[in-house]
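The block underneath contains the structure these notes are about, expressed in structure tokens.
Start at 1 and go down the list; that is how both ligands and their atoms are numbered.
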Amino acid sequence: MKNLFGLTLAELETELKDLPKFRAKQIAAHIYKHGLKSFDEMNDLPKVLRIELAERYEIKAAELLKRLDSADGLTTKFLLGLADGAAIEVVLMRHDYGDSVCISSQVGCQMGCKFCASTLKGLERNLTAAEMLGEIFFVNEVLGKVVDSIVVMGTGEPLMNYDELIKMLRLLHEDYCLGLSYRKVTISTCGIVPAIKKLRDEKIPVTLSISLHAPDDNLRSALMPINSAFGLKSLLAAGDDYAQSTGRRVTYEYILLGGVNDTEEHARRLAKILSGQLANVNLIPFNPIVERTFSPPTNHAVKKFFHFLNTHGINATIRKEMGADVNAACGQLKANWK
Ligand code: SAH
């Protein structure tokens, strides 16, 4: 049975071409604005049509496999099952500034970052636009309202699934869907430079977050294999260009790994390479995972690093650790599933 969830209005019109055009619009509103999953509830459609539609189509997002709530009630992690049996993680974070959902963009990941659990078994497949949208709709349903912000920072490298990602974002923005402002969306990338340039030209002003994690090429290549393809110089130029073109500050994520990249010398080099950029640094104390050998930084090292950046012209924040008790770092829930 064909699934209508995730189709754009144009695609619905094509699919339902035997019906008058306004029907596709009505159905799109029912699916996206009203969150209906059964044709029978679509009161403004004739009864026979509802029956016919239900015989040919379904409206299906994702199915809940497992839910974990953090003890403080602020973080909820969902493991969702997809039509082909694959499982993905979605995280809801209730911040004081609003509710945020962190979605996955791929099943598994091929990027091979040495500190990350999502990449341990490689890439299984890309998610479709419908599946990514389904993650957001799932969380909206749990909340009983539309989330305040969306971060594409879960499992996978969103810019390696570029076309479906852009399709999903454009659909979210449509009036017949959620009419969501692009400014509420953040895309996090390990640094696929040509795709950052392409994204700049889409004219969708999403916030870009770049996972930097090291202030020089040697260390970055050791931690993140992608750096051998696109080195720091080209990555920082692409980030700067994105910020200048969109007027939106780029966030550089920097995981602090105890004894690896967390000394004052690293902070000094980081401040140097980012000087003059329209940028923020978000420091993330490493979230230990069993399969990886790194250690978290000491509290003292985190504070010193943070202080150094902020007193040397770089606007830095420390990411508040959320949901450590529900394995909230990427890939950790799934890695422990089954
Ligand atoms: N591929 C994208 C998005 C997914 S990773 C990217 O690289 O940005 C999302 C963020 O979580 C990245 O900044 C990543 O480096 C970080 N991360 C991965 N494993 C982590 C861990 N064990 N502890 C803390 N942060 C981690």
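Side-chain contact of Ser209 with Glu253: a donor-acceptor pair under 3.5 Å is present, judged by distance alone. Residues Arg94 and Thr76 bring a donor and an acceptor atom of their side chains to less than 3.5 Å of each other.
Under the 4.0 angstrom criterion for non-hydrogen atoms, Ser105 is not in contact with ligand 1. Heavy-atom distances between Ala117 and ligand 1 stay at or above 4.0 Å for every pair.
For ligand 1, the atoms sitting less than 4.0 Å from at least one non-hydrogen atom of Cys116 are 18 (C), 19 (N), numbered in the order shown with element in parentheses.
In this structure, the ring of Phe305 has its center no less than 6.0 angstrom from the ring center of His266.
The nearest non-hydrogen atom to atom 13 (O) of ligand 1, considering only Ser211, Pro296, Cys113, Cys190, comes from Ser211. The option from His213, Glu253, Gln106 that lies nearest to atom 14 (C) of ligand 1, judged by heavy atoms, is His213. For atom 4 (C) of ligand 1, the choice among Gly154, Pro158, Gly191, Pro285 with the nearest heavy atom turns out to be Gly154.
Counting only distance, with no hydrogens or angles, the side chain of Arg248 and the backbone of Leu208 share no donor-acceptor pair below 3.5 Å.
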Passes salt bridge (charged side-chain N to carboxylate O under 4.0 Å, His left out), Arg269 versus Glu265? Steps please. CA-CA 6 Å; Arg269 277 189 258 159; Glu265 182 51 29; 3.4 Å; yes
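For a threshold of 3.5 Å applied to N or O pairs, the pair formed by Gly156 and ligand 1 contains at least one separation below that value. By the 3.5 Å distance cut-off applied to N or O atoms, Ser188 is counted among the residues near ligand 1.
Within the 4.0 Å heavy-atom criterion, neither part of Met111 lies near ligand 1. The proximity of Thr189 to ligand 1, defined as any non-hydrogen pair under 4.0 Å, is limited to the backbone. Residue contacts with ligand 1, taken as heavy atom pairs separated by less than 4.0 Å, involve Ile255 solely via side-chain atoms from C-beta onward.
Taking the six-membered ring where tryptophan is involved, the planes of Phe137 and Tyr32 are perpendicular, since the angle between them exceeds 60° and thus also 30°.
Cation-pi contact between Lys66 and Phe78: absent, since separation from the ring centre below 6.0 Å together with deviation from the ring axis within 45° is not met.
Using a 4.5 Å heavy-atom cutoff, the side chains of Thr189 and Glu157 are in contact.
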